[in-house]
*Asks:* 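Could you have a look at this structure, given as structure tokens, before my questions?
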Protein chains: 2
Amino acid sequence: MRAVQDSMDVLSGKWKIPIISSICYYNKRRFSDILNDIDGISNRMLSKELKELEINQLVSRTVLDTQPVTVEYKLTDHGLTLRTIINQLTEWGIEHRKVIIAK
Amino acid sequence: MRAVQDSMDVLSGKWKIPIISSICYYNKRRFSDILNDIDGISNRMLSKELKELEINQLVSRTVLDTQPVTVEYKLTDHGLTLRTIINQLTEWGIEHRKVIIAK
DNA sequence: CAGGATCCTATACGATACTG
DNA sequence: CAGTATCGTATAGGATCCTG
């Protein structure tokens with residue numbers, strides 16, 4: 001189980017996967033856009049989680065020379081390897097909903 | 001992002017995925033065996049998480065008529081649909097470890 | 001063996017306000 | 001716009017002991 005626990009150490013929590021999903025879906029995504037994509041997240045949490053994802057090399061941060069400043073997030077090559085997992089989790093969420101409602 | 005958040009509502013946390021992995025790997029698994037499979041989990045947490053997984057219809061519980069009582073956990077059909085995701089998360093954990101160490 | 005009860009701590013998370 | 005600071009609450013989780 002060790003390997004899967006390593007994954008969850010990085011991906012667990014309420015927001016990591018949704019954040020990665022947002023960036024993945026749009027390829028590049030600005031802070032405020034991610035904030036809007038994800039239902040219920042606060043700027044404090046988004047900031048904190050993005051920092052952790054950066055430390056774990058899943059996400060890269062680029063400050064754009066605009067006025068006012070905007071910041072663009074992308075998935076790193078390593079982050080992109082999560083793509084199929086994200087897609088499957090999305091499909092699974094839809095199916096899961098049906099199962100629970102059916103009961 | 002809604003669908004992936006639905007998934008994470010059910011799967012998030014430190015232990016759910018490792019628990020599912022353990023049961024999935026062995027097909028059937030007893031309480032004490034899962035306890036041993038997963039590094040660092042307490043019986044309190046295992047009990048609590050299994051109950052939640054049962055409520056979400058991912059796991060089924062069977063009390064065996066032995067002395068003393070043993071309890072066997074299996075994945076439901078719905079739980080089994082997580083199989084490929086679990087496998088990919090396992091592989092990803094291994095790769096992630098390499099990436100982090102390489103840095 | 002499989003848990004429940006109790007108690008306690010850590011941290012995840014939320015709300016609001018502020019700044020370069 | 002993209003955060004940081006501060007504060008407060010809730011929940012996750014750990015340790016230990018107990019029981020049918």
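Nothing here was measured: the structure is a model prediction, and the numbers come from that model. Letters A, B, ... mirror the listed sequences (proteins, then strands); counts begin at 1.
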*Asks:* Tell me the interatomic distance from B:M8, atom CE, to C:dC13, atom P, rounded to whole angstroms.
*Replies:*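 Taking atom P of C:dC13 as the reference, CE of B:M8 is at 11 Å.
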
*Asks:* Return the value, rounded to whole Å, for the distance between atom CD of B:Q67 and atom C1' of D:dT19.
*Replies:*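 Those two atoms, CD and C1', are 14 Å apart.
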
*Asks:* Quick one: do B:E95 and B:K98 make a salt bridge, cutoff under 4.0 Å?
*Replies:*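 Counted as a salt bridge, because a side-chain N and a carboxylate O are separated by less than 4.0 Å.
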
*Asks:* What's the closest nucleotide to the side chain of B:W15 if the choices are C:dC13, D:dC1, D:dG13?
*Replies:*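 Looking only at side-chain atoms, B:W15 lies closest to D:dG13.
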
*Asks:* If you draw a 6.0 Å radius around CZ in A:R83, do more than 12 non-hydrogen atoms from other residues or ligands fall strictly inside?
*Replies:*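 Atom CZ in A:R83 is not packed in, count stays at 12 or less.
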
*Asks:* Please report the distance, rounded to the nearest Å, between NZ in A:K48 and C1' in C:dT11.
*Replies:*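 Result: 8 Å.
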
*Asks:* Between A:Y73 and D:dG3, does any side-chain N or O lie under 4.0 Å from OP1 or OP2?
*Replies:*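 Yes.
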
*Asks:* Please report the closest heavy-atom contact between B:Q88 and A:I85, naming both atoms and the distance.
*Replies:*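 That would be OE1-CG1, 3.4 Å.
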
*Asks:* The side chain of B:R30 is closest to which nucleotide in this list: D:dC1, D:dG3, C:dA2?
*Replies:*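 Side chain of B:R30 sits closest to C:dA2.
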
*Asks:* Using whole Å, what does the distance between atom P of nucleotide C:dA2 and atom CD of B:E72 come to?
*Replies:*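 These atoms are roughly 10 Å apart.
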
*Asks:* Starting at atom CG of A:N43, determine the distance to atom P of C:dA17, rounded to an integer number of angstrom.
*Replies:*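 Roughly 13 Å, once rounded to whole Å.
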
*Asks:* Output the rounded distance in Å from CZ (B:R44) to C1' (D:dA12).
*Replies:*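 Result: 8 Å.
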
*Asks:* Using a strict threshold of under 4.0 Å (side-chain N to carboxylate O), is an ion pair present between B:E72 and B:R30?
*Replies:*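 The answer is no: the pair does not qualify as a salt bridge.
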
*Asks:* Give the minimum heavy-atom separation between A:L58 and A:H78, together with the two atoms involved.
*Replies:*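 Taking A:L58 first and A:H78 second, the nearest heavy atoms are CD2-CD2, 3.4 Å.
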
*Asks:* Expressed in angstrom and rounded to an integer, what is the separation of A:K16 atom NZ from C:dT11 atom P?
*Replies:*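 Rounding to the nearest Å, NZ of A:K16 and P of C:dT11 are 14 Å apart.
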
*Asks:* Using OP1 and OP2 only, check whether a side-chain N or O of B:S47 sits under 4.0 Å from C:dG4.
*Replies:*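 True: B:S47 side-chain N/O within range (under 4.0 Å) of C:dG4 OP1/OP2.
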
*Asks:* Can you tell me the distance, in whole Å, between the CZ atom of A:F31 and the P atom of C:dG20?
*Replies:*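 About 18 Å, once rounded to whole Å.
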
*Asks:* May I ask you to say what B:K51 touches in the nucleic acid, namely base, sugar-phosphate or nothing, with a heavy-atom cut-off under 4.0 Å?
*Replies:*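 B:K51: backbone/sugar contact only, no base atoms under 4.0 Å.
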
*Asks:* How do B:S42 and A:R61 order along DNA chain D: which one's closest nucleotide is nearer the 5' end?
*Replies:*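 Looking at DNA chain D, the more 5' nearest nucleotide goes with A:R61.
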
